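Comments concern the structure below.
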Amino acid sequence: MRVDTGEGSSHGMVFATLRDLSTGRASGTDVAARVVARMSKDIHAEYHAQAPGNIMMRVGSNSSGVSYILRNEDDRLLGPATRKLAKALRHHLEFTDVDPDVDPPGQGITLAIDRDTAARVGVTPQVIGNTLSDALGQTTASVVYTTHGQYNVVLTVENRFQRDPEILKQFWVSPSGGSASGSSASNTIRVVTSATASTTTSTGATAFRNQIANSLAGGANASTGSAVATGAETLVPLSVVSRITPSLDPVAVTHIGYASSASLALELASGVSLPQAQTIIDQEWRSLHLPETINGELQSDEGDVGKSTHDSEILIIGAVLAVYLTLGMLYESVWHPLTILSTIPSAGIGAVMALDLFGLPFSGMAVIAMLLLTGISLKNAILLVDFAIHAERERGMTARDAIREACLLRLRPIVMTTFAAALGALPLVLMGGYGMELRQPLGIALIGGLLVSQAQTMFTTPALYLLVERFAQWEKGRSV
């Protein structure tokens, strides 16, 4: 067990490594539920326990298997919207735990430049930014070289002045390009000095003293710039050209791409699917009337739920299309590949029924099982159709006799290959330990799809073969 508390953070984390599942312990989800139930009696803090999956997609600081991501360009809107949505979702029994990955806002200072006033006195936003950076940003002003090393000269105000926001009211900035002149001189804000000192003679004397100081500091060639300014310059108070107001800002901002983001770590109750969770979130989203500029998406271990589902559909459709084109060229027929492809739905139905029987969701591992089942189920149908077509074309048999003989001769190899594949997937279901959350859905989907596809191949494929053959003969006679 390891404890991790960030300095200055409002939360801490405890990492616990559980024993192997083969020792008989409960799953990580069950342990997390027990921890939350035990710690929920404490009213001084909130406790959230998560059981990371084998494939973790970390968004923010949570590692939950399911997360709801909110995005917006204005990070100040994300915190209130995320907390409001989390409060609404906690009332639904479909979510056992809802953990918003946002901290309460912290006190900040907003400095808004009055561009009209700044333009009249000749102060640009770049000058204000440089002044604040030099005072508070710890800018490296120079480097001192010695025989033992080098040292950076950092330009900043003292630490005691950095703790009080009122120090900003004592900042003065210089107009860009020096003092204002000409028609803008009448609008320039000047520093209050002695009336007798602001004369041409005193200005010249000040410049002369600065030149002497430069010479004493290191000579004319001591540096690329003047050690002391040689001319008098008018300064402008920062509070005159800007408005300094307190504000509440996010303590930390997470970015996904170019937009600011916040996340909700969700723990779904047993038997709750991702589409059901998405429906509940959409209903609460509409009832809360959240800002239209905020958009959200539900993500799981496999990534974005909508995108992964769409990609899986395209992948399966592409695989089926490739098989159809290959078989069509092999048998030189448009119709016989349809007989072979008819076994794919039965394999998918068997996989879904097996997963539902064991209470497992249709995950990314189930999609992989579907692709494997596509090849195995097609192989069984190909053994029948290929023999039947060869018997018709080479031996002159009728379609009925050809498919009957194919079923009699190819039954044993079909059953042997099906049971060999099913027994090969059986250890995936029975083995425990690490990674069983990934192996079990894969093995169960494979076995269920193989059994249903086996029955469908031996009973419905011959009937479909005869139906397709009759339709092909009818179309040929019609064309003649």
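Just so it is clear, the model here is predicted, and its values are computed rather than measured.
Within 6.0 Å of NZ on Lys84 lie no more than 12 heavy atoms contributed by other residues, nucleotides or ligands.
Partners of Val352 under the side-chain contact (heavy atoms from CB on, under 4.5 Å) rule, at least two apart in sequence or in another chain, are Phe362. For Glu166, the salt bridge (charged side-chain N to carboxylate O under 4.0 Å, His left out) partners two or more places apart in sequence, or in a different chain, are Lys169. Residues passing the side-chain contact (heavy atoms from CB on, under 4.5 Å) test with Val154, sequence neighbours excluded: Gln138, Thr156. For Glu292, there are no side chain to side chain donor-acceptor pair (under 3.5 Å) partners at least two apart in sequence or on another chain. Listed by chain and residue number, Phe161, Gln170, Phe171 satisfy the side-chain contact (heavy atoms from CB on, under 4.5 Å) test with Ile167 (two or more places apart in sequence, or in another chain). For Thr110, the side chain to side chain donor-acceptor pair (under 3.5 Å) partners two or more places apart in sequence, or in a different chain, are Ser247. By the side chain to side chain donor-acceptor pair (under 3.5 Å) test, Thr140 is found to be paired with no residue, residues two or more places apart in sequence or in another chain being considered. With sequence neighbours left out, the side chain to side chain donor-acceptor pair (under 3.5 Å) criterion links Asp114 to Thr117. Under the side-chain contact (heavy atoms from CB on, under 4.5 Å) criterion, Ile294 pairs with Leu70, Asn72, Leu77, Leu78, Ala81, Trp285, Pro291, not counting sequence neighbours.
Taken to the nearest 0.5 Å, the CG atom of Leu298 stands 5.0 Å off from the CD atom of Gln278. Rounding to the nearest 0.5 Å places CZ of Arg286 at 6.0 Å from CD of Gln283. To the nearest 0.5 Å, the span separating CD on Glu297 from OG on Ser261 amounts to 10.0 Å.
A distance-only check finds no donor-acceptor pair linking the side chain of Thr245 to the backbone of Ile109 [under 3.5 Å].
Here the closest heavy-atom approach between residue Thr82 and residue Pro100 is recorded as CG2-CB, 4.0 Å.
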(message) Checking His91 against Glu284 for the side chain to side chain donor-acceptor pair (under 3.5 Å) test, could you report, in this order, the C-alpha distance in whole Å, the side-chain angles of both residues, the deciding distance, and whether it holds?
(response) CA-CA 11 Å; His91 294 89; Glu284 292 294 345; over 6 Å; no
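The shortest side-chain heavy-atom distance between Tyr68 and Leu85 falls under the 4.5 Å cut-off.
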Run the side-chain donor-acceptor check on residues 442-449: report pairs under 3.5 Å with partners two or more places apart or on a different chain.
none

